Visitor: 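Below are the structure tokens for one structure; questions will follow.
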Amino acid sequence: MEKSGISRRAYLKGTGCAGAVGVSLLAGCTARGQQGDGSNTLEIVHWWTAGGEKQALQALLDGYTNKYPDVQVQNNPAPGGAGSALDTVIKNRVLNQNPPSTFQIWPGQSLAPYVQGNVLNNVGDSVWTQQVENAYLESVRNAAKPAGDYVAVPLNIHRLNNLFYNTDIVRQAGVDPQSITDPAALNDALNTVSSETNATPLAHSTQEAWTTLQLWETVFIGLHGSNAFLDLTSGNVGQHQGQIRQSLQQVKQYRTHFNEDAGSISWDQANSKVINGEAAFVQQGDWAAGQYEAAGNFGFQQQWDYVPFPGTNGVYSMVMDSFVYPKSNPSPDATEKFLTYCATVDAQRRFNPVKGSIPPRTDVPTDPFGPFLQAQIQDFKNSQSQPTTIAHGSAVVPEVKSNMEEAFAGFTESWNIDSTATRIRDAFQA
Ligand code: GAL
């Protein structure tokens, strides 16, 4: 991958930004890469505003300001699950050479246009000391240096392929989630919940496309395995048309079991239905468990529990978050301190137990992690495959992801298998 010198057109295209912003801004940005005036205020842009996520970020920022009392934090969220609003905010600010001190981004393919546009500082020398490198898992390290230089600092590892449930409701329905072995059997269980209780069988949000995209990719792995999924995401999409259609068909079948207001609520509002007893199941990443913890009186294995999504035992679909050091930085010193802090045991011990994620450093003590996350840590260690994801940006470049989101926005309108399968195939032509 080319590190610099990419044309502005390619950068804009790569970020899905073409047409949204005006002209020759990136060229100036690339050439100058100026630092700001050395302000001590760290402006951090992120999307963690839901229950659990907000508290986790606060725990991280508290640790940071404890360690560096001379810095202030300007906490500037761009709310919207899975970065749905952050993307545009950041692209515009980077192109206007007015970036925040740091922003949240998935390591891996999402970084590609920023790296190609040469708008991120290399943090190899400042953050990634030998000691830090040794402490991180190799796969995570690699995602932080997509073109060879470290440009990001990963903070956490989420698992995407979970099926969470409200224990009372499944008990009332007489359903044993452990015995649901594949995606089709899940539909049978949803039918049973529907006939035996008044609850919504499967809480879901279709307000934004990413939730249905992630449900589809999880079903795809459940039906066809991670190797087929990895092959698909590597671009061999034409060879998997039958499997793509079958997975779409399965999601369409689940759809009859969604809450009626799926189109007008966010992911965390859908997840709240499991908490308040309106819904039996929800498919989500384990940030959903962060929300259960934050809810209070909603205890693991008491009121809620989980299984790996049916058919995905032994799979740990990874979603990571990281922070970066944009060029033209308004607060170089505070930014470097923050990124250095994100890579520490202290930061990862404070943040992850609240967030519902596990640490990417291997030397973080497990005691602060409750039984759910300790089980995830074990599952991660024992997992046979750790695929990345389309919906959370690590498996494909942003343009492909954005095409996939468009395909799924269309799917949740029309529920048309033919046209969606075609759009998925075309999404990879980017
Ligand atoms: C993911 C992100 C998680 C969580 C989730 C819901 O993309 O990696 O940390 O925030 O979106 O918004």
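Atoms within each ligand, like the ligands themselves, are counted from 1 in listed order. Quick caveat, the model's predicted, so the values are computed rather than measured.
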Visitor: For Trp128 and Tyr150, take the angle between the two ring planes, folded into 0 to 90°, and tell me which bin it lands in: parallel under 30, tilted 30 to 60, perpendicular over 60.
Guide: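 Rings of Trp128 and Tyr150: parallel, under 30°.
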Visitor: Should the pair His392 and Trp210 be assigned to parallel (<30°), tilted (30 to 60°) or perpendicular (>60°) ring geometry?
Guide: perpendicular
Visitor: Please report, to 0.1 Å, the donor-acceptor pairs under 3.5 Å made by any side chain of residues 421-430, with sequence neighbours excluded.
Guide:
from   : atom 1 : to     : atom 2 : distance (Å)
Thr422 : OG1    : Asp418 : O      : 3.0
Gln429 : NE2    : Arg425 : O      : 3.2

Visitor: According to the interplanar angle, ranging from 0 to 90°, do the rings of Phe338 and Phe323 count as parallel (below 30°), tilted (30 to 60°) or perpendicular (above 60°)?
Guide: perpendicular
Visitor: What is the ring orientation for Tyr292 with Phe298, classed by angle as parallel under 30°, tilted 30 to 60°, or perpendicular over 60°?
Guide: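 Perpendicular, since the angle between the ring planes exceeds 60°.
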Visitor: Who's touching ligand 1 if we go heavy atoms under 4.0 Å?
Guide: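 Its neighbours under 4.0 Å (heavy atoms only) are Trp47, Trp48, Glu53, Gly81, Ala82, Trp106, His158, Trp267, Trp287, Val319, Asp321, Lys355, His392, given by chain and number.
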Visitor: May I ask you to check whether over 12 heavy atoms, not counting those of Lys252, lie within 6.0 Å of atom NZ?
Guide: yes
